[in-house]
2 protein chains.
Amino acid sequence: MFSKATEYALRATIYIAQKSSVVKKLSLSEIAKAIDSPPSFTAKILQLLTKDNCVIHSVRGPNGGFYITESNKQLPLKKVLEAINENELFDKCILGLKKCSETKPCPLHFQYKPIKQELIHLFQTNTIQELSEKADNESLFINNAI
Amino acid sequence: MFSKATEYALRATIYIAQKSSVVKKLSLSEIAKAIDSPPSFTAKILQLLTKDNCVIHSVRGPNGGFYITESNKQLPLKKVLEAINENELFDKCILGLKKCSETKPCPLHFQYKPIKQELIHLFQTNTIQELSEKADNESLFINNAI
DNA sequence: ATAATTAAAGACAAAAATACCTTTAATTAG
DNA sequence: CTAATTAAAGGTATTTTTGTCTTTAATTAT
Ligand code: FES
Ligand code: FES
């Protein structure tokens with residue numbers, strides 16, 4: 001479904017929303033360990049999420065790290081997909097035609113369309129905060145620990 | 001969503017179901033041109049679909065090529081995914097956890113679950129024949145022609 | 001000011017996916 | 001039987017994705 005990069009981005013964002021605040025920043029190594037992802041690769045992805053502070057924030061130096069503001073927690077999960085340029089996933093034709101189009105639809109188009117809408121809805125209506133609260137309250141998981 | 005290999009496999013299968021019969025086989029080059037795919041790569045994929053005659057059939061030599069039997073047209077589209085080993089796509093966790101599990105669900109699990117079911121349903125209920133007829137009757141498309 | 005800590009940036013490496021190319025085997029037509 | 005045609009098989013090449021490593025810049029604590 002998603003690329004590794006996207007999966008790490010989503011898991012990292014949820015974890016940061018769970019555990020960080022402006023006064024409690026999380027280091028790369030803590031995040032990577034928590035979400036079970038390769039640290040250096042995760043660094044690249046966090047940089048994308050930090051760009052223009054579009055999703056998360058970062059500060060360098062001692063006691064530095066990554067955090068997310070309360071206001072950014074209100075962003076829809078879709079924002080994460082946009083930040084790492086995988087948002088167009090939901091615009092694509094399921095059979096791989098160059099354009100998914102109503103006027104030149106593939107044989108699965110009209111059946112796939114409502115499912116696609118639900119996927120878009122899923123990422124548009126869930127905020128980062130909501131997801132992180134879910135993970136908090138219902139003992140849900142964002143890593144592969146045993 | 002799907003890999004290129006899967007996209008080509010689905011488009012090729014639909015095209016073969018539309019145009020072939022036991023007495024009218026289609027050459028690799030015709031298929032690749034029709035579905036707008038790289039011929040050599042498409043050859044590999046058709047081989048997988050031909051293995052054990054699980055989806056399509058092939059014969060070598062003059063007037064040889066690929067075709068599908070009436071009985072195989074009754075197979076669900078899911079069979080194509082299985083043939084190229086991308087069927088597990090729908091078993092995977094959307095956040096990339098090693099296992100999608102009810103007992104250790106990710107924060108999106110319960111919202112994603114019904115969508116996943118619809119995707120599975122889509123590929124399980126549609127037969128190859130139904131899709132190819134759709135493509136016939138409603139001027140739907142399986143290539144990128146202008 | 002200096003040293004320590006942390007992310008940013010960029011080069012590099014490995015693996016996987018995609019695409020291509022050559023040889024072989026099967027089949028058919030003549 | 002021979003030549004032509006077509007898919008099968010297997011190797012190679014390219015591109016993309018994933019992952020690593022090193023250097024630089026920013027920040028903080030002492
Ligand atoms: S054209 Fe294929 S999904 Fe819309
Ligand atoms: S655990 Fe993530 S989708 Fe089921």
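Order of the sequence lines sets the chain letters (A, B, ...), proteins ahead of strands, with each chain counted from 1.
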CZ of A/F41 versus C1' of C/dA13: gap in Å, rounded? 14 Å

Quick one: label B/L26 by what it contacts on the DNA or RNA (base, sugar-phosphate, nothing), any heavy atom closer than 4.0 Å. sugar-phosphate

Starting at CG of B/L28 and ending at C1' of C/dT22, how long is that distance when rounded to a whole Å? 15 Å

Is B/S58 close enough to D/dA8 that one of its side-chain N or O atoms is under 4.0 Å from OP1 or OP2 there? yes

May I have the distance from B/N85 (atom CG) to C/dT18 (atom P), rounded to whole angstrom? 13 Å

In terms of side-chain heavy atoms of B/T50, which of D/dG19, D/dA8, C/dA19 is nearest? D/dA8

N/O (side chain, B/Q47) to phosphate O (OP1/OP2, D/dA7) under 4.0 Å: no

B/K44 NZ to D/dG10 C1', in whole Å, measures 6 Å

If you only use heavy atoms from C-beta on, which nucleotide in C/dA7, D/dA8, C/dA19 is closest to the side chain of A/S27? C/dA7

From NE2 of A/H57 across to C1' of D/dT27 the rounded distance in Å is 18 Å

Salt bridge (charged side-chain N to carboxylate O under 4.0 Å, His left out) pairs, two or more places apart, involving residues 14-24 of chain A: none

A/E130 meets the side-chain contact (heavy atoms from CB on, under 4.5 Å) criterion, sequence neighbours left out, with A/N126, A/T127

Between D/dT6 (P) and B/R60 (CZ): distance, integer Å: 14 Å

Rounded to the nearest 0.5 Å, what's the gap from OG on B/S37 to CD1 on B/I31? Could you check? 8.5 Å

Separation of B/I45 atom CD1 from C/dC20 atom P, in whole Å? 12 Å

If you compare every side-chain N and O of A/Y8 against the phosphate oxygens of D/dT18 (OP1, OP2), does one of them come in below 4.0 Å? no

Are OP1 or OP2 of C/dT5 and a side-chain N or O of A/N63 less than 4.0 angstrom apart? no

Nearest 0.5 Å, please: how far is CD1 in A/I94 from CZ in B/F2? 4.5 Å

DNA chain D: B/F66 or A/S40, which has the more 5' nearest nucleotide? B/F66

Heavy-atom nearest nucleotide on DNA chain D taken for A/A5 and for B/P62; more 5' hit belongs to B/P62

Do A/K25 and A/Y67 form a cation-pi contact, if we require the NZ or CZ to be under 6.0 Å from the six-membered ring centre and within 45 degrees of the ring's axis? yes

Rounded to the nearest angstrom, tell me the gap between atom OH in B/Y67 and atom C1' in C/dT27. 13 Å

